[in-house]
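The residues of the chain are indexed from 1 along the displayed sequence.
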Amino acid sequence: MTGRAPRLLMRLWGCCTRGALLATALVAGAPVGAEIEAAYYDIPTDQYGHGVLPGGEYAALGFRLSGGREIGAGTSGTVYEDTAPRLVDLDGDGTNEVITVVSYFDRGAALRIFDEVKTDDHPSGTTIAVVAETPPIGTPFRWLAVVGAADLDGDGIMEIAYVDRPHLAKTLRIWRYKDAVLNQVATFDNVTNHRIGEPDIAGGIRDCGSGPEMVVATGNWSTLLAIRWDGSEFAVTDLGRDTTRPAFARAMACAE
C-alpha cells in the first residue's frame with residue numbers, strides 16, 4: 001500500500017477542490033528554498049463535528065518560513081484533526097517536512113505530508129504542497145493518532161508511526177517515507193495512545209541510548225509499553241501498570 005499525493009497548488013484562501021492544497025505567499029521577497037521554521041493549525045471549526053479532540057478540528061494550516069515568509073494552506077471537504085503539526089526532516093535534505101492529520105468528511109482520517117517545492121510560476125520560486133498522503137481510513141468519524149517519526153530500524157530511511165483508530169481498531173501502523181512516497185511496512189495490534197475527549201496524545205517515540213522505541217499503552221490501558229521495530233520484528237518492553245500521563249512523561253524521559 002502506497003501513498004503519493006498530487007502537488008495541487010492554488011493561490012487564494014478558500015475555494016479549492018476536495019482534498020487539494022491551497023497555498024499563498026503572504027510575505028514576498030523571501031529567499032528561494034527558505035526552510036519551514038514553524039507550522040500551526042488555524043481557524044477552529046465545528047463543520048466536521050467529530051469531537052474526538054476537544055477543539056481539535058481546524059479549517060486551515062499556517063507555515064512560517066525563514067526570511068519572514070508566511071504561507072497558508074486551507075482545504076475543502078476535509079478538516080485538520082490533530083493536536084499540532086509535526087516538523088521533521090523526513091527525506092534527509094536538511095530541511096523540514098510537515099506531518100499533519102486530515103479527516104475527510106466522507107472517508108475519515110489520513111496522514112498528510114507537506115513540503116516546500118520548486119514552483120517556477122510563483123514569484124518566490126517555491127510554495128508549499130502536499131507531497132504524500134496515506135489512504136483515508138474509509139469511514140467518516142474514524143481517526144488516527146500520530147506516535148511520531150524516526151528511523152525506527154536504523155537503515156537511514158525515516159518511518160512515521162500512528163495508531164489507527166485508537167478507540168476502535170487500536171492498530172499501530174508504520175509507514176516508511178522515501179522519495180515522497182509513503183509505504184506501509186509493519187503493523188502491531190492492540191495498542192492505543194488516546195481516549196475520546198482527551199486534548200492530547202499520550203506517549204511518542206523516545207531514544208534512551210539504544211535506538212528509538214514507541215511508547216504506547218495496551219488497548220485496554222492496563223499496561224505501558226515500549227515497542228521497538230528492527231525492520232522485520234517487534235520487541236516489546238513492559239513498563240508497568242501505570243498508564244497515567246505522568247507515567248507516560250517519565251517513560252518519554254527514559255525514567256521508566
Same cluster (ILVMFWY, side-chain, under 4.5 Å), [X] and [Y]:
X	Y	answer
V185	V216	yes
L144	I196	yes
F114	Y104	yes
I174	I157	no
L182	V163	no

Once you round to the nearest 0.5 Å, how far does [atom1] of [X] lie from [atom2] of [Y]?
X	Y	atom1	atom2	result
L65	N96	CG	CG	10.0 Å
R142	R107	CZ	CZ	16.0 Å
M252	I205	CE	CD1	8.0 Å
I137	D164	CD1	CG	4.5 Å
F248	R206	CZ	CZ	11.0 Å
E97	E116	CD	CD	10.5 Å

* **Distance-only polar pair, side chains of R228 and S210, donor-acceptor under 3.5 Å** => yes
Is there side-chain contact between [X] and [Y], with heavy atoms separated by less than 4.5 Å?
X	Y	result
R165	T171	no
L239	E213	no
V191	M214	no
D151	E159	yes
R176	D155	yes
T127	R69	yes
F188	W229	no
V215	L224	yes

* Asked: What do the steps show when you test L90 against I160 for side-chain contact (heavy atoms from CB on, under 4.5 Å), and what is the final call?
  -> CA-CA 9 Å; L90 293 173; I160 305 170; 4.0 Å; yes
* To do: With Y162 as reference, evaluate L172, I201, V101, L111 under the side-chain contact (heavy atoms from CB on, under 4.5 Å) test and give the passing residue.
  =>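 It is L111; the other options fail the test.
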Please answer whether the main-chain N or O of [Y] pairs with a side-chain N or O of [X] as donor and acceptor at a distance below 3.5 Å.
X	Y	result
T223	T218	no
T192	P166	yes
D46	G49	no
E70	G62	no
D89	G94	yes
S103	V79	no
T83	D200	no

* Asked: Checking ring pair (Phe, Tyr, Trp, His ring centres under 6.0 Å) against Y58, which of Y48, Y40, Y41 comes through?
  -> Y41
List the atom of [X], the atom of [Y], and the distance in Å for their closest heavy-atom pair.
X	Y	answer
L87	I36	CD2-O, 3.7 Å
F141	H50	O-NE2, 3.3 Å
T78	F105	C-CE2, 3.8 Å
G51	E57	N-OE2, 2.8 Å
G108	P136	O-CB, 3.9 Å
M158	A149	CE-C, 4.0 Å

* **side-chain contact (heavy atoms from CB on, under 4.5 Å) between V131 and Y177, intermediate numbers included** => CA-CA 11 Å; V131 294; Y177 183 83; 3.4 Å; yes
* Check whether more than 12 heavy atoms from other residues, nucleotides or ligands sit under 6.0 Å from atom CG of N220, and answer yes or no. => yes
* To do: Evaluate side-chain hydrogen bond (donor to acceptor under 3.5 Å, both in side chains) for R173 paired with T134, printing each intermediate quantity in order.
  => CA-CA 11 Å; R173 298 190 185 275; T134 63; over 6 Å; no
* Asked: Which is it for I99 and I113 under the side-chain contact (heavy atoms from CB on, under 4.5 Å) test, yes or no, and what are the steps along the way?
  -> CA-CA 5 Å; I99 302 169; I113 311 299; 3.8 Å; yes
* To do: For V98 and I128, run side-chain contact (heavy atoms from CB on, under 4.5 Å): C-alpha distance rounded to whole Å, both residues' side-chain angles, the deciding distance at 0.1 Å, then the answer.
  => CA-CA 10 Å; V98 180; I128 301 295; over 6 Å; no
* Apply the test side-chain hydrogen bond (donor to acceptor under 3.5 Å, both in side chains) to residues S232 and D230: give CA-CA distance (whole Å), side-chain angles for both, the deciding distance (0.1 Å), then the verdict. => CA-CA 6 Å; S232 59; D230 67 3; 3.2 Å; yes
* Asked: Can you say whether the rings of H167 and W143 are parallel (under 30°), tilted (30 to 60°) or perpendicular (over 60°)?
  ->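 H167 vs W143 ring planes: parallel.
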